[in-house]
4 protein chains.
Amino acid sequence: MTKGSRAAAKQARPREILEAAFEEFSLRGYAATRLDDIAARVGVTKGTIYVYFENKETLFETMVVELSTPEHDTTPYLAELETSAASALEHLLRNVYAEALSDRYSREILRLLIAEKNTFQSLSRRFKDNFAGPVFGSLQQILQKGSETGEFAPQAASIDPFFILSPFLGYFVLDLVLPEDSPEADSFLGTHIEMVKRLVAPIAKP
Amino acid sequence: MTKGSRAAAKQARPREILEAAFEEFSLRGYAATRLDDIAARVGVTKGTIYVYFENKETLFETMVVELSTPEHDTTPYLAELETSAASALEHLLRNVYAEALSDRYSREILRLLIAEKNTFQSLSRRFKDNFAGPVFGSLQQILQKGSETGEFAPQAASIDPFFILSPFLGYFVLDLVLPEDSPEADSFLGTHIEMVKRLVAPIAKP
Amino acid sequence: MTKGSRAAAKQARPREILEAAFEEFSLRGYAATRLDDIAARVGVTKGTIYVYFENKETLFETMVVELSTPEHDTTPYLAELETSAASALEHLLRNVYAEALSDRYSREILRLLIAEKNTFQSLSRRFKDNFAGPVFGSLQQILQKGSETGEFAPQAASIDPFFILSPFLGYFVLDLVLPEDSPEADSFLGTHIEMVKRLVAPIAKP
Amino acid sequence: MTKGSRAAAKQARPREILEAAFEEFSLRGYAATRLDDIAARVGVTKGTIYVYFENKETLFETMVVELSTPEHDTTPYLAELETSAASALEHLLRNVYAEALSDRYSREILRLLIAEKNTFQSLSRRFKDNFAGPVFGSLQQILQKGSETGEFAPQAASIDPFFILSPFLGYFVLDLVLPEDSPEADSFLGTHIEMVKRLVAPIAKP
DNA sequence: CATGAATGAGATTTCATTCAT
DNA sequence: AATGAATGAAATCTCATTCAT
């Protein structure tokens, strides 16, 4: 009960609440989640939540913003691009999978955003801008550079970057809804990389 | 307020209610939807809903079952498989896209199932068994046959069928959440088919 | 489907409904009983009940009036009274028990009246007038006559007739609420008669 | 609308609600009572009831348990039994009447239990165990002892204790349903005691 | 800062009653 | 006479939000 420890607890409170909110919201969805349950998870009472957050809506939005992955760092790929487009591409894919699989928040938050598409539209947009945006941009640059240098086929530049990532998104969603039916991540990633390589490869005609 | 035939109105009632339920549930999600709103959409009172459905949960489940696409018919692909595995494969992909894009119910119902994953688990499973199951099975057969006949590379037989479809699922989800950001379907499908062909093609090295 | 049988069915309908109403009302009480259940028991629909009865309240009241024992016939006791007051008294008690035990309606209707005391006051009064009234009157006459002839003690005339019957009412209520705890009727009646005889007997001092 | 101490109000709330619940339930019966009315009687809103009680059923059951007389204390009779069985018997009867007449809760609660026999069976049993049980037990002992010492007739030991109390139960029920028709309690009790004395008295024939 | 009692609006559900057929 | 679809009022119960302490 020292001043310090109390102050520390106070500092940590909002974060604790956000994490509890994450658990409950991802378990039950926005509307079906009760503030009581969130509070109970933290070990405080409902009133306390209102000390830190204006209302349920704000709590949800703040949770999504605070707990979802910060802007994906794409600088490594661009650096690598100087050496090899193919290797930058593979590197990017490996990172995207690694990040998605290690981050228990982003997985469920994506599901929440799909669920609350009509209720929290602005959040979907924000998610896309922060996460998908930079990745798509890098991909675009990689495809462009690769086709310019001849490492890739010329048509590679006109492939929609989203297509390159679409198997990942498909995998992600399957794993979210029917985890027991989703294939093993490593082997799926292997096929994914193989597929991308063949798709961008210069056509080798005999 | 024309009365018309009572019997006729009665016949149509359950379907009318299910369609109104679909609109509201897909707009707001399960928990946030009010039976009042569904009733208002049909132009009846809340009580009428209970004449036809036991409760909100049953209404939701019945709606999902009744309005989602019935079992996907895979016989055409298998017939075509006798002639050409590649063409059966392309045919299958084109049909899956065509069906998904033309059916406004299935699109949103898939979203609802993603959203309500924890609340209505059995429905996800049912959806998978009815829709995904047969398609995956056919894909498996096509890959197998193609690799046996030499039309595809030998390794094609060991590709997870889900991988073949994963870009579709990714596209579907993007279109669901951020329709304005999703690429044009035809061109995406074109890339998808191209990608699949290259993935299963026998390696042609000079 | 002859005219006759249909007419017969029609004739019997109201009684059938009253009997079904009795079963449901005595099982659940007035407020908790649903007209739907009564109708289902008869094998008709709710609407049919309204063909014969104005509303739920009327149905209940009619059921109580129609199914409860008609006015108790007290003439035999008064005839017997000419010969012996003691024997008239015993006869009356035996009859009251026999009637109460054989009539499955009256038992439960009494319970309903106790339950609905505040909601259907007039019925309690009517029940008392029809059933208890004549019996009390006869008892009064028996006590009076017996004390006049010296068969009973002089004070017997001033015993409240209700007291004479009160063990019966107590037994009845116990049997209604906790049937497995209520003593065997015959032996209880035996004690009751013994008790009454002693109560009215002239005092025998040595 | 004085506020007073919040804590004090909180302390008293559950009891206040139970008392209001008693009034409404005994006025209208279980099913016909509205929580709205109970709340209005306390001067709070419906929601407040749910702060303290899980649901209507629990409220009813708690009310019965909390407001009905705690176990009847039978030690005085057993003490008195050393001196005189007859006096213990009279004392017991007087106490039972005094308690029943003075306790406005038990009277109505007994009526509710009769009314709700099928809906709240366990409560009837509880009532019997707590209230009737001990009294019957003492009566049994008194009858036994009295017949052993010769103060009562030998047969007194085999009288069902319930018979001894049955006039009381009869009186109680009559007073409950038709209070204006029930005899004056004192005189009824007088007859009751007289009756019991004669019933257990050794037969004195000249 | 934290509590938790109280609120009150609103949600689901029930059911007596009506009425066109 | 009988039906049963439809109603609508009302009942139970929930829960985000407030506020005195």
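These values consider heavy atoms only, across backbone and side chains, with no hydrogens, waters or symmetry-generated copies. Chain identifiers are assigned alphabetically (A, B, ...) following the order of the sequence lines, protein sequences preceding nucleic acid strands; residue numbering begins at 1 within each chain.
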Quick one: which of [options] gets closest to the side chain of [X]?
{"X": "D:Arg34", "options": "F:dT3, F:dA10, E:dT13", "value": "F:dA10"}
{"X": "A:Val51", "options": "F:dT18, E:dT7, E:dT3", "value": "E:dT3"}
{"X": "C:Val44", "options": "F:dT14, F:dT3, F:dA2", "value": "F:dT3"}

Measure [atom1]/[X] against [atom2]/[N] and give the value in whole Å, please.
{"X": "A:Leu35", "N": "E:dG4", "atom1": "CG", "atom2": "C1'", "result": "14 Å"}
{"X": "B:Glu54", "N": "E:dT12", "atom1": "CD", "atom2": "C1'", "result": "13 Å"}
{"X": "C:Tyr50", "N": "E:dC15", "atom1": "OH", "atom2": "P", "result": "13 Å"}
{"X": "D:Arg13", "N": "E:dT7", "atom1": "CZ", "atom2": "P", "result": "7 Å"}
{"X": "C:Glu57", "N": "E:dT17", "atom1": "CD", "atom2": "C1'", "result": "14 Å"}
{"X": "B:Asp36", "N": "E:dA9", "atom1": "CG", "atom2": "P", "result": "16 Å"}
{"X": "C:Asp37", "N": "E:dA16", "atom1": "CG", "atom2": "C1'", "result": "13 Å"}
{"X": "B:Ile38", "N": "E:dA11", "atom1": "CD1", "atom2": "C1'", "result": "12 Å"}

Check: Quick one: is the NZ or CZ of B:Lys56 closer than 6.0 Å to the six-membered ring centre of B:Tyr30, and within 45° of its axis?
Finding: yes
Ignoring backbone atoms, establish whether [X] has a side-chain N or O less than 4.0 Å from OP1 or OP2 of [N].
{"X": "C:Thr45", "N": "F:dT3", "answer": "yes"}
{"X": "B:Tyr52", "N": "F:dA5", "answer": "no"}
{"X": "B:Thr48", "N": "F:dA5", "answer": "no"}

To the nearest 0.5 Å, atom OH of A:Tyr50 lies from atom CD1 of A:Ile17 at 11.5 Å
Query raised in the report: How are the rings of C:Phe60 and C:Phe120 set relative to one another: parallel (under 30°), tilted (30 to 60°) or perpendicular (over 60°)?
Result: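 C:Phe60 vs C:Phe120 ring planes: tilted.
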- Query: Less than 4.0 Å between a side-chain N and a carboxylate O, is that true for B:Glu108 and B:Arg104?
  - Reply: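 Salt bridge flag = no for B:Glu108 with B:Arg104.
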Of D:Ile49 and B:Lys56, the one whose closest nucleotide on DNA chain E sits nearer the 5' end is D:Ile49
Judged by nearest nucleotide, the residue sitting upstream toward the 5' end of DNA chain E, C:Gly47 or A:Gly47, is A:Gly47
TODO: Check if the side chain of C:Lys46 and the base of E:dT17 share a donor-acceptor pair of N or O atoms closer than 3.5 Å.
DONE: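 Yes, the side chain and the base share a sub-3.5 Å donor-acceptor pair.
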In terms of heavy-atom contacts, C:Asn118 and D:Ser26 come closest through ND2-O, 3.0 Å
- Item | Given DNA chain F, 5'-ward residue of the pair D:Ala31 and A:Ala31, judged by closest heavy atom |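 The answer here is D:Ala31.
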Mate of E:dA20 across any strand shown (Watson-Crick or G-U wobble, both atom pairs under 3.5 Å) is F:dT3
